[in-house]
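Everything on this sheet refers to the single structure shown next.
Because only heavy atoms are used, hydrogens play no part in the values below, and waters and symmetry mates are left out as well, while side chains stay in.
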Amino acid sequence: QTHQLPPLTKPKPLTIKSNMTKMNRLLWGYSLAVVVAALDVESASFPVAYPIPGDAHKQVVTTSWWPAGTEKKAESVGIISYGFVFMTAMMENNDTLLETAEAELSDIRDIAHAAGATMSDLVDCLVNAPSGGAEHTKAKFREAFQKVLPDKMELPALTVVEAPGEYAFFNSSITCVAALPSSEGRSSRKIIKLSSPGTAYGALARGLLHFTVDSASIADALSESSKLIQKAGGKGNSDLAECTVFLKDIKASKDFRRALGETDAALTIVQAGLSPGKVVTLRCVANTGADMQEGTSGNKEVKVAHKLVFAPGIYSKRTDGADAFEALDKALQSVGAGLSDVVSCLFFVKDQWKVFDLFKGFAQAFNHDHPPPPTRDELQAVGEIPDTNVVMRCVAALPLKETTVPEKESLVI
């Protein structure tokens, strides 16, 4: 059963010039629906946790344009898990990049509001830009954010990389994470940034610091990340739970791992276009206030922080990702979770034109075998291991512990 949250009063929608919005959303749903038509998902049960949102294990979010039941044949547009809201990437196409950014943020706002959050609660966003367009895209998204955020409200951690998205005819897409506000309605996030020159910037909420760093050297990037984590109340890079590392040249991945040293974050390393003069961009999560535990499966590690399970990049030789989904399930089982607990995935495909193969694997793994499906984003990028077609970076939620009432305390109703 999908839990419907009470309706919220929404701000006036953005006024934008767009003839593509409805078609974009139809394409977005159709892209996966066409590959699950042959699967028996109509009668599939969708076990969704039903406690209050802040304690929810995996709660599906729906909107007016992504109504309840859509997740049976497509991805979930939003998932609430332990106080965080994970969102599927939004794509729009307008006359200008600014109008496109405004339209995509309007979609993000719809998802946030449906989950009980606002744009002020966003802690992290990832945007993909066309080749050579990272700086211009970042500037336009910053401008668009200023139009939807309250006065003087600072942006979430914003990571922008140059990589083709799900479809070649969309120049950008954006996926975000929000932290639900407190029971009093106050934002639970705190912006953390360094006073000295640098690009390290993050949002701290519920003990987790989501942050981004752009740098001209690996050493400087790791130095900035360590200082930022310390400023947030942590010890440094040893508190990293997860890090998606975008390198200008994937050959530098060994250098990055060597520089990171004994800090065993769940790493996903891929090659992408970066801002001019930069060789590395980090999009990371650090644990500054919750206990962290490790689970291992073979040579795969997962990290648990704030009841969320962060898996490292898992590789697939198959274009449908089937072998990687199996490996992910095995890794999650080491901490008592599984594919049914996955709340969000970021997929990197070697060949954008084979993304529909990945949709088939996703549909089998999540729509058919382990519903409800997570949120998702897909970018074209290559990883560390040659001759692989997919790299998946996923987040899962530890299952809620079942409680029973002792027999002698049973209630008679």
Side-chain angles (χ1 to χ4, degrees), residues 84 87 101 105 108 112 117-129 134-162 172 174-179 187-237 239-248 256 260 263 265 268 272 274-289 305 346:
F84 288 95
M87 308 181 195
L105 288 183
I108 291 294
T118 69
M119 296 297 279
S120 300
D121 298 311
L122 295 179
V123 294
D124 170 80
C125 291
L126 171 65
V127 175
N128 69 290
E135 281 301 296
H136 181 58
T137 300
K138 184 181 295 185
K140 293 304 177 183
F141 268 89
R142 286 184 177 277
E143 185 177 347
F145 263 113
Q146 295 301 333
K147 294 185 178 184
V148 297
L149 289 173
D151 290 343
K152 298 183 180 180
M153 178 65 69
E154 295 184 278
L155 273 64
L158 179 62
T159 304
V160 180
V161 296
E162 298 171 7
S172 71
I174 181 170
T175 178
C176 296
V177 179
S187 176
S188 60
R189 76 168 198 174
K190 178 183 179 181
I191 297 300
I192 307 293
K193 52 186 176 181
L194 299 179
S195 55
S196 59
T199 62
Y201 181 93
L204 177 64
R206 298 178 180 269
L208 297 183
L209 175 67
H210 291 76
F211 69 93
T212 185
V213 182
D214 290 315
S215 183
S217 80
I218 290 172
D220 288 346
L222 291 175
S223 175
E224 285 192 40
S225 69
S226 181
K227 292 176 181 177
L228 192 74
I229 294 169
Q230 290 172 11
K231 189 167 185 177
K235 299 185 291 294
N237 287 335
D239 288 330
L240 284 171
E242 182 273 335
C243 215
T244 304
V245 182
F246 299 94
L247 294 173
K248 183 178 180 180
F256 183 88
L260 190 59
T263 309
T268 304
L274 307 178
S275 296
K278 307 301 182 183
V279 301
V280 59
T281 293
L282 306 181
R283 181 194 183 214
C284 305
V285 180
N287 174 41
T288 64
L346 172 58

[X] vs [Y] side-chain heavy atoms within contact, under 4.5 Å:
X	Y	answer
Leu260	Leu240	yes
His210	Pro156	no
Leu274	Asp214	no
Leu122	Ile108	yes
Thr212	Thr199	no
Leu282	Phe256	yes

Indicate the atoms forming the closest heavy-atom contact of [X] with [Y], along with that distance.
X	Y	result
Leu209	Ala232	CD2-CB, 3.9 Å
Ala216	Val279	O-CG2, 3.3 Å
Met119	Leu149	O-CD2, 3.5 Å
Ser215	Ala221	OG-N, 3.5 Å
Met87	Ala112	CE-CB, 3.8 Å
Glu242	Ala265	N-CB, 4.3 Å

How long is the straight-line distance from [atom2] of [Y] back to [atom1] of [X], given to the nearest 0.5 Å?
X	Y	atom1	atom2	result
Leu158	Arg283	CG	CZ	10.0 Å
Asp239	Gln230	CG	CD	9.0 Å
Tyr201	Ile192	OH	CD1	10.0 Å
Ser223	Leu228	OG	CG	11.0 Å
Leu222	Cys243	CG	SG	8.0 Å
Glu154	Gln146	CD	CD	9.5 Å

Check your understanding: What do the steps show when you test Thr281 against Lys248 for side-chain contact (heavy atoms from CB on, under 4.5 Å), and what is the final call?
Key -> CA-CA 9 Å; Thr281 293; Lys248 183 178 180 180; over 6 Å; no
Review point. Does a donor on one side chain sit under 3.5 Å from an acceptor on the other, for Thr118 and Asp121?
Key: yes
Review point. Does Glu135 use its side chain to pair, donor to acceptor, with the backbone of Ser275 at less than 3.5 Å?
Key: no
Practice item. Could you give me the CA-CA distance, side-chain angles and deciding distance for Phe84 and Asp124, then say whether side-chain contact (heavy atoms from CB on, under 4.5 Å) is met? Key: CA-CA 11 Å; Phe84 288 95; Asp124 170 80; over 6 Å; no
Practice item. Begin from the C-alpha positions of Leu346 and Thr175 and carry the test side-chain contact (heavy atoms from CB on, under 4.5 Å) through to its verdict. Key: CA-CA 9 Å; Leu346 172 58; Thr175 178; 5.7 Å; no
Exercise for review: Kindly determine whether Phe141 and Cys125 satisfy side-chain contact (heavy atoms from CB on, under 4.5 Å), including the steps that lead there.
Suggested key: CA-CA 10 Å; Phe141 268 89; Cys125 291; over 6 Å; no
Check your understanding: Would Glu224 and Lys227 pass as an ion pair if we require N to O under 4.0 Å?
Key -> no
